[in-house]
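So that the names make sense, note that chain A is the first sequence line, chain B the second, and so on, each numbered from 1.
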2 protein chains.
Amino acid sequence: MNRNSTLKDIAKLLGTTPATVSRALNDRSDISDKMKKIVAATARELGYNKNKVASSLRLGRTGTIGVIIPSAEQSFFGSVIHGIVNVAETLGYDVLIHQSNESYTLEEKGVHSLLAARVDGILASIARDTLDFSHFMMVKKKKLPLVFFDRVNASLGVTSVSVDDYSGAYKATEHLIKQGYRRVAHISGPDHIQIFRERMRGYIDALQANKKKYDASLIFPGNISIESGKAGMDYFLKLKDPPDAVFAVEDFTALGVIKELKDRNIKIPESFGVMGFCNALFGQHITPTLSTIDQQTILMGEEAFKLIYEMIVKGKNNKTQRIKNVILEAIPIIRQSSVKKK
Amino acid sequence: MNRNSTLKDIAKLLGTTPATVSRALNDRSDISDKMKKIVAATARELGYNKNKVASSLRLGRTGTIGVIIPSAEQSFFGSVIHGIVNVAETLGYDVLIHQSNESYTLEEKGVHSLLAARVDGILASIARDTLDFSHFMMVKKKKLPLVFFDRVNASLGVTSVSVDDYSGAYKATEHLIKQGYRRVAHISGPDHIQIFRERMRGYIDALQANKKKYDASLIFPGNISIESGKAGMDYFLKLKDPPDAVFAVEDFTALGVIKELKDRNIKIPESFGVMGFCNALFGQHITPTLSTIDQQTILMGEEAFKLIYEMIVKGKNNKTQRIKNVILEAIPIIRQSSVKKK
DNA sequence: TTGAAAGCGCTAACAT
DNA sequence: ATGTTAGCGCTTTCAA
């Protein structure tokens with residue numbers, strides 16, 4: 001590997017010193033234009049490319065942020081990464097990715113790898129299996145900028161971006177009621193995850209605000225899967241007074257509901273209404289198309305990076321950091337599965 | 001930010017030197033077990049976390065690889081990233097991500113950022129708009145390990161992993177013929193991208209191997225979108241002797257075909273057969289479910305990392321590198337849209 | 001088995 | 001406007 005050229009190489013060639021070359025390349029005001037030009041030309045000639053590793057060591061910052069997601073395979077996180085990386089590149093930051101695969105142990109390892117890499121900040125979406133948050137608290141204690149996105153935990157006092165799950169669920173439920181469905185049920189997600197609890201709360205409040213009685217038998221505990229959608233429908237249809245609409249905690253669950261209804265020849269949306277949550281890609285391609293709540297994934301990634309960027313920049317000036325919790329609007333996407341009214 | 005502890009801190013506390021502490025922590029054989037134990041204990045106590053930046057500068061390698069993809073938003077690339085990152089983590093590597101957003105300029109910038117970060121190798125999937133490959137040739141010239149995945153270019157002599165596009169297309173086309181469809185058409189992708197040319201070649205060869213005449217009017221030039229699927233069908237159905245099956249270059253195109261057929265009340269698969277390519281998630285949830293070719297995305301990511309890892313390790317020993325081109329099997333996933341026979 | 005010293009490439013403080 | 005010097009934290013060579 002033909003050695004990368006260094007400031008020293010350029011300096012030697014020009015009969016000057018590495019310090020001057022460094023200043024010239026960094027466009028410092030105390031260097032003459034003439035010198036800047038000749039340095040730039042020589043650098044180009046040698047194919048010089050700044051060694052960010054050395055620079056980072058010297059500066060005590062890396063211009064790199066770390067991201068921890070459950071899995072890049074889930075298209076939701078792919079979109080968020082897209083948003084994060086695009087803004088990061090624009091602002092000159094590199095992005096390191098780690099996956100927890102929903103495991104606490106891997107998440108914890110990921111945090112340590114990122115700390116070893118001396119990232120300037122960490123963006124994270126909490127793993128399903130994480131119940132102990134000491135690794136994140138350690139980051140916080142080190143005063144290293146930390147931002148949670150989507151899978152947040154309000155009790156930790158960490159800056160975050162998430163979608164307004166409560167209001168999204170509220171809107172979804174209310175939409176079904178306004179469409180004339182009499183009894184709106186809910187299939188929930190694992191209730192140790194805050195966002196799913198929020199969605200359930202939105203569902204319950206929307207019922208009560210619309211003078212529907214809250215009926216615990218109309219809530220089926222699911223686990224974010226097609227299967228729990230099917231199982232939920234199976235359960236609901238055996239009730240004495242079954243529901244005629246379901247607000248599912250996310251789109252796969254809603255898909256299970258639709259599959260089960262189709263198997264039983266129950267007409268959607270005429271006899272039964274369905275709303276999901278997530279705006280997964282497949283929703284617009286199935287029959288009937290799925291009404292859902294959009295989570296603004298790309299925007300979420302962009303906002304997450306902007307938040308951490310702000311923390312990094314402010315941290316330099318030793319300003320005190322206030323915890324911010326950005327809540328993105330949950331946007332109803334009304335398609336066929338929930339539109340009873342003509 | 002309470003300063004991270006260093007080898008020096010540990011050494012001072014133990015009345016020894018940074019060199020010894022370094023050796024102890026790196027489990028060198030020339031250090032006594034007693035010393036190793038006490039060093040480990042002190043390190044734990046201080047919450048010591050090796051500064052990878054300093055270590056990288058000294059060692060001349062970073063234990064980091066760079067990945068350039070068109071966009072993390074495409075679920076295909078999300079899956080590949082998943083595969084890459086998982087294997088990388090297992091082998092102790094960090095992963096830096098850059099996106100080209102299908103633009104040559106951003107791709108080129110990405111390569112330079114990764115070089116500045118002194119990554120130990122680069123994995124890349126070529127952007128749609130990239131016609132000039134000098135940035136990749138520069139990487140190759142530097143003898144920095146480089147592996148292409150999926151969007152490869154055979155003429156560049158770069159190690160790669162990709163799916164067997166030719167054989168996948170061949171199998172897809174032959175499957176449709178064997179199902180009894182008389183005239184099998186093809187909607188292609190941008191033909192400056194090699195994988196799409198390969199798929200067309202597979203289509204043509206399968207026709208001829210099965211004694212079907214190759215008819216240029218049965219190939220519609222598309223651009224990997226739902227719209228080109230629809231446009232293709234519109235064109236085909238106006239032909240004097242229209243086809244009764246389509247092999248679409250990828251699943252979105254196939255989805256467009258299906259939508260158009262449904263709009264015209266043409267029965268799938270009875271009157272018209274459809275095959276896609278990619279095995280996108282939505283294919284199993286639409287009606288009819290979509291027959292397609294699986295690309296083994298996660299495996300592709302895993303293989304890509306393994307290849308570059310091998311190159312990195314061998315490079316150290318100055319062994320000569322042979323260019324490898326790993327071709328993953330293209331696996332037909334037969335669902336409803338192509339099954340005419342009972 | 002351990003210590004002393006040097007250096008990876010960069011940048012900033014200080015000097016001129 | 002430029003040069004000198006030192007040091008970020010680690011690892012390795014050489015010496016003891």
Among D:dT11, C:dG9, C:dT2, which nucleotide sits nearest the side chain of B:Ser32?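 Ranking D:dT11, C:dG9, C:dT2 by closest atom to the B:Ser32 side chain puts C:dT2 first.
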What nucleic acid atoms does B:Ser22 come within less than 4.0 Å of, heavy atoms only: base, sugar-phosphate, or nothing?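 Base contact.
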Regarding [X] and [Y], do their side chains bring together a donor and an acceptor under 3.5 Å, going by distance alone?
X        : Y        : answer
A:Asn86  : B:Gln99  : yes
B:Asn101 : B:Ser103 : no
B:Ser125 : B:Asp150 : no

Just jot down the side-chain contact (heavy atoms from CB on, under 4.5 Å) partners of A:Asn26, sequence neighbours excluded, or say none.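 For A:Asn26, the residues satisfying side-chain contact (heavy atoms from CB on, under 4.5 Å) (neighbours in sequence not counted) are A:Ser22, A:Lys50.
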State whether the side chain of A:Lys12 and the backbone N or O of A:Thr17 hold a donor-acceptor pair below 3.5 Å, judged by distance alone. no
Return yes if some donor-acceptor pair links the side-chain N/O of B:Thr159 with the main-chain N/O of B:Lys324 below 3.5 Å, else return no.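 Yes.
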Distance check needed: [N] [atom2] versus [X] [atom1], whole Å only.
X        : N      : atom1 : atom2 : result
A:Lys52  : D:dC8  : NZ    : C1'   : 17 Å
A:Leu7   : C:dG7  : CG    : C1'   : 15 Å
A:Arg118 : D:dC10 : CZ    : C1'   : 11 Å
B:Ile38  : C:dT1  : CD1   : C1'   : 15 Å
A:Leu14  : D:dA1  : CG    : C1'   : 15 Å
B:Lys12  : D:dG9  : NZ    : C1'   : 13 Å
B:Asn26  : D:dG9  : CG    : C1'   : 13 Å
B:Lys34  : C:dT2  : NZ    : C1'   : 12 Å

Only pairs at least two apart or in different chains count here, so list each ring-ring contact (aromatic ring centres under 6.0 Å, His included) that has a residue in residues 71-96 of chain B. B:Tyr93-B:Phe305, B:Tyr93-B:Tyr309
Crowding at CD1, B:Ile38 (>12 non-hydrogen neighbours, <6.0 Å):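 Atom CD1 in B:Ile38 is not packed in, count stays at 12 or less.
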Are there over 12 heavy-atom neighbours, none belonging to A:Ile193, within less than 6.0 Å of that residue's CD1? yes
Could you pull out all residues at least two apart from B:Tyr48 that satisfy ring pair (Phe, Tyr, Trp, His ring centres under 6.0 Å)? none
Ordered by number, residues from residues 56-65 of chain B within less than 4.0 Å of DNA chain C (heavy atoms) are B:Leu57, B:Arg58
Which of residues 44-51 of chain A have a heavy atom under 4.0 Å from DNA chain C? A:Tyr48, A:Lys50, A:Asn51
Salt bridge check, B:Arg151 against B:Glu102: does any charged N sit closer than 4.0 Å to a carboxylate O? yes
Hey, are B:Glu310 and B:Lys306 close enough for a salt bridge, meaning a charged N less than 4.0 Å from a carboxylate O?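 Looking at B:Glu310 and B:Lys306, the cut-off is not met.
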Using atom names, set out every protein N or O paired with an N or O of nucleotides 3-5 of chain D below 3.5 Å, distance rounded to 0.1 Å.
from	atom 1	to	atom 2	distance (Å)
D:dG3	OP1	A:Thr16	OG1	3.4
D:dG3	OP2	A:Thr16	OG1	2.4
D:dG3	OP2	A:Thr17	OG1	3.3
D:dG3	OP2	A:Thr20	OG1	2.6
D:dG3	N7	A:Arg23	NH2	2.8
D:dG3	O6	A:Arg23	NH1	2.9
D:dG3	O6	A:Arg23	NH2	3.1

Nearest nucleotide by nearest heavy atom, which residue falls closer to the 5' end of DNA chain C, B:Ala54 or B:Ser29?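 Its nucleotide being nearer the 5' end, the pick is B:Ser29.
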Taking only the side-chain nitrogens and oxygens of B:Arg28, find out if one of them lies under 4.0 Å from OP1 or OP2 of D:dT12. yes
